[in-house]
Asks: 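Here it is, the structure in full.
Computed from a predicted structure; not experimentally measured.
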Amino acid sequence: MAAIGTNELVIITIIAAIFLIPLLALIDILRNQFKDSSNKIIRALIVLFFPILEVFFTFFLG
């Protein structure tokens, strides 16, 4: 029986981060109030199609 090594743990962590960070961005977008409701829809679509870009904008630029 093989144990999980360091390489496998790093890969699992990276894969989990790839799915978890955009999910957190979507939750943040849905919880915030926007002046225009179309902004929320646009930002949610950007998270779905361009997750890395929108995560940068959501968490670092506000």
Asks: Which pair of heavy atoms, one from Ile29 and one from Phe34, lies closest together, and at what distance?
Replies: O-CE1, 3.5 Å
Asks: Asn7: which residues meet the side chain to side chain donor-acceptor pair (under 3.5 Å) condition with it, sequence neighbours left out?
Replies: none
Asks: Around atom CD1 of Ile4, are there more than 12 heavy atoms of other residues, nucleotides or ligands at under 6.0 Å?
Replies: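 Counting neighbours around CD1 of Ile4, 12 or fewer heavy atoms of other residues, nucleotides or ligands fall under 6.0 Å, so no.
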Asks: Quick one: list whatever passes side chain to side chain donor-acceptor pair (under 3.5 Å) with Ser38, sequence neighbours left out.
Replies: Asp36
Asks: Between Ile46 and Ile41, is there a shared hydrophobic cluster once you connect ILVMFWY residues whose side-chain heavy atoms come closer than 4.5 Å?
Replies: yes
Asks: Return all side-chain donor-acceptor pairs below 3.5 angstrom for residues 8-16, not counting sequence neighbours, or 'none' if the list is empty.
Replies:
{"residue": "Glu8", "atom": "OE1", "partner": "Gly5", "partner atom": "N", "Å": "2.9"}
{"residue": "Thr13", "atom": "OG1", "partner": "Leu9", "partner atom": "O", "Å": "2.7"}

Asks: Quick one: does any side-chain atom of Asn32 pair with a main-chain N or O of Asp28 as donor and acceptor, under 3.5 Å?
Replies: yes
Asks: Which value, rounded to the nearest 0.5 Å, describes the distance between Leu26 atom CG and Arg43 atom CZ?
Replies: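 Spacing of CG (Leu26) from CZ (Arg43) equals 10.5 Å.
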Asks: Are Leu53 and Ile42 co-members of a hydrophobic cluster defined by side-chain heavy atoms under 4.5 Å apart?
Replies: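 Yes, Ile42 and Leu53 fall within the same hydrophobic cluster.
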Asks: Where is the tightest heavy-atom contact between Pro22 and Val47, given as atom of each residue plus distance?
Replies: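 In this case the closest contact between Pro22 and Val47 is O-CG1, 3.7 Å.
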